[in-house]
Amino acid sequence: MSDKPTVLFVCVHNAGRSQMAAGYLREFGGDRVEVLSAGSAPKDEINPVAVQVMAEEGIDIAGNTPKVLTTEAVRESDVVITMGCGDACPIFPGKRYEDWELDDPAGQGIEAVRPIRDEIRRRIEELLGEILPEAARA
């Protein structure tokens with residue numbers, strides 16, 4: 001892994017889980033990590049409830065746009081974290097892959113999305129400690 005690792009978060013719509021994860025990693029990792037997110041079938045906009053629960057944490061993801069997953073994004077990443085995208089993500093040797101089983105926030109109310117957000121935050125803090133061992137915990 002390079003001095004500045006690249007992490008790619010992938011979910012089907014790139015509108016909820018992957019956007020929340022990317023928001024946390026950008027916030028906590030700063031310029032020490034490159035953050036990408038994409039979806040196998042991206043929506044037109046970010047889930048408004050995901051935007052709302054992240055705003056509660058002081059993280060603004062409202063201006064983000066769902067992006068389509070490309071082979072190039074996977075190729076340039078050191079760590080690829082999938083969240084329910086199944087076999088849509090191409091596999092390249094030498095990459096670290098993780099599949100985070102998380103409920104999909106699509107169509108859920110804020111009370112259901114907060115625990116998903118909190119679990120993503122916990123996993124991001126753990127990931128950050130692994131890829132940037134010198135990083136202070138958020």
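This structure is a prediction, so every number in the text was calculated from the model and none was measured.
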Trainee: In this structure, are over 12 heavy atoms from other groups packed under 6.0 Å from D103 atom CG?
Mentor: no
Trainee: Any ion pair linking R96 and E130 (charged N to carboxylate O, less than 4.0 Å)?
Mentor: yes
Trainee: Quick check: do R117 and M54 have side-chain heavy atoms less than 4.5 Å from each other?
Mentor: yes
Trainee: Does atom NZ (K43) have a neighbourhood of more than 12 heavy atoms from anything else shown, all under 6.0 Å?
Mentor: no
Trainee: Does atom CD of E72 have more than 12 heavy-atom neighbours, drawn from other residues, nucleotides or ligands, at distances under 6.0 Å?
Mentor: yes
Trainee: Apply salt bridge (Lys or Arg N to Asp or Glu O under 4.0 Å) to the pair R123 and E98, showing each step before the final yes or no.
Mentor: CA-CA 11 Å; R123 291 178 188 219; E98 291 185 25; over 6 Å; no
Trainee: Do R121 and F28 come close enough that some side-chain heavy atom pair is under 4.5 Å?
Mentor: yes
Trainee: Has the side chain of R114 got a donor or acceptor atom that lies under 3.5 Å from a matching backbone atom of E111?
Mentor: no
Trainee: Taking V7 as the starting point, is it possible to reach V68 by hopping between hydrophobic residues whose side chains are less than 4.5 Å apart?
Mentor: no
Trainee: Report the C-alpha separation of I81 and D99 in whole Å, then their side-chain angles, then the decisive distance to 0.1 Å, and conclude whether the side-chain contact (heavy atoms from CB on, under 4.5 Å) test is met.
Mentor: CA-CA 6 Å; I81 297 176; D99 184 47; over 6 Å; no
Trainee: Going through the checks in order, is the side-chain contact (heavy atoms from CB on, under 4.5 Å) test met by W100 and E119?
Mentor: CA-CA 10 Å; W100 290 0; E119 177 62 14; over 6 Å; no
Trainee: R26: what forms a salt bridge (Lys or Arg N to Asp or Glu O under 4.0 Å) with it, not counting sequence neighbours?
Mentor: none
Trainee: Taking all atoms of both residues into account, what is the closest heavy-atom pair of M83 and C11, and its distance?
Mentor: O-CB, 3.4 Å
Trainee: Quick check: does any side chain N or O of T70 sit under 3.5 Å from a backbone N or O of A73, one acting as donor and the other as acceptor?
Mentor: yes
Trainee: Could you list the residues that satisfy ring-ring contact (aromatic ring centres under 6.0 Å, His included) with F9, not counting sequence neighbours?
Mentor: none
Trainee: Given 3.5 Å as the limit, does a donor-acceptor pair link the side chain of E34 with the main chain of P5, or not?
Mentor: no
Trainee: Roughly how far, to the nearest 0.5 Å, is CG of L132 from CZ of R32?
Mentor: 5.5 Å
Trainee: State plainly whether the residues R122 and E125 are in salt-bridge range, i.e. N to O under 4.0 Å.
Mentor: no
Trainee: Do the side chain of N14 and the main chain of P42 share a donor and acceptor less than 3.5 angstrom apart?
Mentor: no
Trainee: Are L8 and L69 close enough that some pair of their side-chain heavy atoms sits under 4.5 Å apart?
Mentor: yes
Trainee: Quick one: closest heavy-atom pair of E56 and I110, and the distance?
Mentor: OE2-CD1, 3.4 Å
Trainee: Do R17 side-chain atoms and L102 backbone N/O form a donor-acceptor pair below 3.5 Å?
Mentor: yes
Trainee: Any side-chain heavy atom of I46 sitting closer than 4.5 Å to one from P66?
Mentor: yes
Trainee: So which atom in I61 and which in Q19 form the shortest heavy-atom distance, rounded to 0.1 Å?
Mentor: CG2-O, 4.0 Å
Trainee: Kindly compute the distance separating CD1 (I131) from CD1 (I124), expressed to the nearest 0.5 Å.
Mentor: 8.0 Å
Trainee: For S77 and L36, work out which heavy atoms get closest and say how close.
Mentor: OG-CD1, 3.7 Å
Trainee: Could you pull out the closest heavy-atom pair between G16 and A50, with the gap in Å?
Mentor: CA-CB, 4.1 Å
Trainee: Counting C-beta onward and ignoring hydrogens, is there a side-chain heavy-atom pair between V33 and T6 closer than 4.5 Å?
Mentor: no
Trainee: So T82 and Y97, do their side chains get closer than 4.5 Å, heavy atoms only?
Mentor: no
Trainee: Could you check I116 against M20 for side-chain contact (heavy atoms from CB on, under 4.5 Å), going step by step and ending with a plain yes or no?
Mentor: CA-CA 9 Å; I116 299 168; M20 288 189 284; 4.2 Å; yes
Trainee: Could you list the residues that satisfy side chain to side chain contact (heavy atoms under 4.5 Å, CB included) with A62, not counting sequence neighbours?
Mentor: V51, D60
Trainee: Identify whether the distance between the nearest side-chain nitrogen and carboxylate oxygen of K95 and D78 falls below 4.0 Å.
Mentor: no
